[in-house]
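These numbers were taken from a predicted model, which means no experiment stands behind them. Atoms considered below: every heavy atom in the structure, side chains included; atoms not considered: hydrogens, waters and symmetry mates.
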Amino acid sequence: MLNKYSRTLTQNETQPAAQAMLYGIGLTDEDLMKAQVGIASMGYDGNTCNMHLNELAEEVKKHIWDEGLVGLIFHTIGVSDGMANGTDGMRYSLVSREIIADSIETVCEAQYYDSLIAVPGCDKNMPASIMAMARLNRPSIMVYGGTIGAGHYAGKELNIVSAFEALGEKISGQISPEDFKGIIKNACPGPGACGGMYTANTMASAIEAMGMSLPYSASNPADSQEKRDELLQAAKSVKVLMEKDIKPLDIISKKSLENALAIITALGGSTNAVIHLIAIAKTAGISLGLEDFQKMSNKVPLIGDLKPSGKYLMKDLHRIGGVPLVLKYLMGKGLIHGECMTVTGNSLAENLAEIPELDFESQDLIHPIEKPLKKEGHIQILKGNLATKGSVAKITGKEGERFEGPARVFDGEKQLIEGIESGRVKKGDVIVIRYVGPKGGPGMPEMLKPTSAIIGAGLGKEVALITDGRFSGGTHGFVVGHICPEAHEGGNLALLKDGDVIKIDAINNIIEVDLPDDELEARRDEWKEPELKAKRGTLFKYARNVKNASEGCVTDEA
């Protein structure tokens, strides 16, 4: 019985109004006997990541009907991180994850859909889709909208971070106004999510490794025939899941989450994956914490030479064989649990059985584990008197692994941009951006505009940056985020002053300010918790309910 949920409306004589509406949308008596698949599109016209998703959803719908099922599209929101970064709009980005998960759950529960296919594009769309699937626990598949192609200008290959870093280059006089405009106009050539191993491609890779999307979904480009072929396969696969009654909580497990951690560690994925995977685990009732990320970084080296710190884009990984090629290599090294179930109805090992072996002679994007780009993973969990509940550093090795310097304190990212322009930021500084955490932001905005400006101004190897906010997957440099407790909740970040000596040690995993406890306590006595910046609406509700970054910034946990 595939229509175990929809029959509540379609087969119940006491629901005549529901049936009348279904006839009204064009369904027949035969259609009302079929199972219904909700197709959740995060498509909208306003950004390149999502501009094509409604078209993909329509194509999925056609294939669903061809499989003898009823496909019905509904829509939910998206927020463009690339566009919102550096503005107050960025406060809504992480919040949108909760809104998307809530809205998908709401529609599927209220409409009694038997299964779900989600079609996400930008960063928060994907973890939100998986969180909703875990809540519903009905046969479900995520179809990633795919990565964007590379832009080109003046003989250089571009991506979205090129546009951000061009600002710092313009401020420092390294490029002309004409070249600044040329980069901006050519960085995003068409549909698809930001092209490096930024958050969208990180989460797509993690979710494919987790088994909740089809093989190659993460690396198939947005405008490729392979992505169109995936839409047909998704329709066929969701029917198999319904027939076998394979549900998300049969797929999402501690082992499948460890597979997700392994792939993002190997490929140099975004630190945003930390809060998103913890949130997915919490939703699925599985224990996953910062210590699991550190254990994985101790075990899996960085082997993917991908932007932002490396050379290549996701389209290049697609060219050499995609995410399955890397998964098979890691499985051969004993770093992937091959027995985990996937949305194909087969185990991960079965999916990878026919995948060719990774060839290190014909490509240099993926390095051998014996000769990695960095012998440990790039995600390092730091603790100390500045982060008693933890913080997340992104250390690829190119930035160095230790940094010590005087604090240069900014209560928000806008002040930092002014500090760069005015020359207040000096070589050797540890830049502090605070009051931008989950409550203090509110919404824990990303600090891509400041870090890109730092890189563009030529200070990327000369300063460190620490914050209770987040970093974009496009961020590189010596950065530490997710500092917990955040400044708004009285974390020691709130007590810092210009000139305080801060020590960051990514080898011994320590972040601390060189101040005695009695000095910190004296400063705490003078500190007052600020009022919430939001007084009403979405941000106010979020700030009142959100858990800290080390708990995944979830809002629905008691």
Side-chain angles (χ1 to χ4, degrees), residues 84-98 275 384-392 406-420 422 424-425 429-451 465-471 479-500 502 511-513 515 517-555 557:
N85 253 297
T87 75
D88 287 343
M90 190 62 204
R91 298 183 299 167
Y92 287 88
S93 169
L94 187 56
V95 178
S96 75
R97 187 190 73 185
E98 310 305 301
I275 53 176
N385 64 5
L386 280 180
T388 56
K389 293 184 179 179
S391 64
V392 181
R408 196 70 57 211
V409 183
F410 300 91
D411 291 344
E413 61 180 304
K414 292 177 184 176
Q415 292 91 328
L416 172 58
I417 299 297
E418 295 168 1
I420 294 172
S422 68
R424 183 183 164 201
V425 175
D429 283 349
V430 176
I431 298 166
V432 178
I433 305 179
R434 64 187 181 189
Y435 294 110
V436 290
K439 292 183 184 296
M444 203 182 179
E446 292 178 349
M447 299 293 109
L448 180 56
K449 185 175 180 179
T451 56
L465 192 155
I466 68 173
T467 181
D468 50 9
R470 297 183 293 125
F471 292 113
V479 296
V480 183
H482 305 206
I483 288 179
C484 190
E486 63 175 288
H488 186 90
E489 293 189 317
N492 286 340
L493 203 67
L495 310 180
L496 294 179
K497 298 178 180 179
D498 275 8
D500 290 340
I502 294 173
I511 179 169
E512 62 185 13
V513 58
L515 290 173
D517 291 343
D518 57 354
E519 173 62 20
L520 288 170
E521 286 307 311
R523 293 186 188 186
R524 184 174 303 284
D525 290 341
E526 298 176 359
W527 178 82
K528 292 182 180 180
E529 181 179 343
E531 293 184 1
L532 290 174
K533 293 173 186 171
K535 305 300 182 186
R536 58 183 298 179
T538 300
L539 292 178
F540 177 70
K541 287 187 286 186
Y542 184 85
R544 290 284 298 271
N545 290 288
V546 68
K547 300 295 183 183
N548 65 49
S550 296
E551 297 179 80
C553 298
V554 295
T555 59
E557 187 179 61

Inset, instruction - Nearest 0.5 Å please: distance from the NZ atom of Lys449 over to the NZ atom of Lys414. - result: 8.5 Å
Inset, instruction - Please report the shortest heavy-atom distance between Ile511 and Ala387, naming the atom on each side. - result: CG2-CB, 3.9 Å
Inset, instruction - Work out which heavy atom in Leu539 is nearest to a heavy atom in Ala534; give both atom names and the distance. - result: CB-CB, 3.6 Å
Legend entry - Within-4.5 Å side-chain heavy-atom neighbours: Val546 and Pro442: no
Legend entry - Any residue meeting side-chain contact (heavy atoms from CB on, under 4.5 Å) with Glu418, in chain and number order, not counting sequence neighbours: none
Legend entry - Check: Asn385/Glu512 side-chain N/O donor and acceptor closer than 3.5 Å: no
Legend entry - Pair Leu495-Arg524, side chain to side chain contact (heavy atoms under 4.5 Å, CB included): steps then yes or no: CA-CA 7 Å; Leu495 310 180; Arg524 184 174 303 284; 3.6 Å; yes
Inset, instruction - Output the distance between atom CG (Leu416) and atom OG1 (Thr467), rounded to the nearest 0.5 Å. - result: 10.0 Å
Legend entry - Interatomic spacing from CD1 in Ile431 to CZ in Arg424 - rounded to 0.5 Å: 10.0 Å
Inset, instruction - Indicate the atoms forming the closest heavy-atom contact of Val432 with Ala407, along with that distance. - result: CG2-CB, 4.2 Å
Inset, instruction - Mark yes when over 12 heavy atoms from residues, nucleotides or ligands other than Asp517 sit less than 6.0 Å from its CG; otherwise mark no. - result: no
Inset, instruction - Have a look at Leu493 and tell me which of Val409, Ile466, Val513 forms a side chain to side chain contact (heavy atoms under 4.5 Å, CB included) with it. - result: Ile466
Inset, instruction - Answer whether the closest heavy-atom distance between the side chains of Phe410 and Val425 falls below 4.5 Å. - result: yes
Legend entry - Arg544 CZ: over 12 foreign heavy atoms closer than 6.0 Å: no
Inset, instruction - Report the C-alpha separation of Cys553 and Asn548 in whole Å, then their side-chain angles, then the decisive distance to 0.1 Å, and conclude whether the side chain to side chain contact (heavy atoms under 4.5 Å, CB included) test is met. - result: CA-CA 5 Å; Cys553 298; Asn548 65 49; over 6 Å; no
Inset, instruction - Keeping the roles fixed (side chain from Asp468, backbone from His482), state whether a donor-acceptor pair exists under 3.5 Å. - result: no
Legend entry - Verdict with reasoning, Arg523 to Asn492, per side-chain hydrogen bond (donor to acceptor under 3.5 Å, both in side chains): CA-CA 9 Å; Arg523 293 186 188 186; Asn492 286 340; over 6 Å; no
Legend entry - Whether Ser93 side chain and Met90 backbone form a donor-acceptor pair below 3.5 Å: no
Legend entry - Where Phe471 and Val480 come nearest, the two heavy atoms and their spacing: CE1-C, 3.3 Å
Inset, instruction - Measure from the side-chain N and O atoms of Ser550 to the backbone N and O of Lys389, and report whether any donor-acceptor pair falls under 3.5 Å. - result: yes
Inset, instruction - Without swapping roles, check the side chain of Lys547 against the backbone of Gly552 for a donor-acceptor pair under 3.5 Å. - result: no
Inset, instruction - To the nearest 0.5 Å, tell me how far Tyr542 OH sits from Lys439 NZ. - result: 9.5 Å
Legend entry - NE2 on His488 to CZ on Arg434, rounded to 0.5 Å: 13.5 Å
Inset, instruction - Would you mind reporting whether Thr388 and Pro485 have side-chain heavy atoms less than 4.5 Å apart? - result: yes
Legend entry - Pair Arg408-Asp500, salt bridge (charged side-chain N to carboxylate O under 4.0 Å, His left out): steps then yes or no: CA-CA 8 Å; Arg408 196 70 57 211; Asp500 290 340; over 6 Å; no
Legend entry - Exam field: side chain Glu486 to backbone Gly440, donor-acceptor pair closer than 3.5 Å: yes
Inset, instruction - Find out whether Pro445 and Met447 are in side-chain contact, i.e. whether some heavy atom of one side chain is under 4.5 Å from a heavy atom of the other. - result: yes
Legend entry - Spacing of CZ belonging to Arg470 relative to CD1 belonging to Ile275, to within rounding of 0.5 Å: 5.0 Å
Legend entry - Non-hydrogen atoms of Trp527 and Ala494 that approach each other most closely: NE1-CB, 3.5 Å
Legend entry - Note, Pro406 side chain near Asp429 side chain (heavy atom, < 4.5 Å): yes
Legend entry - Crowding at NZ, Lys528 (>12 non-hydrogen neighbours, <6.0 Å): no
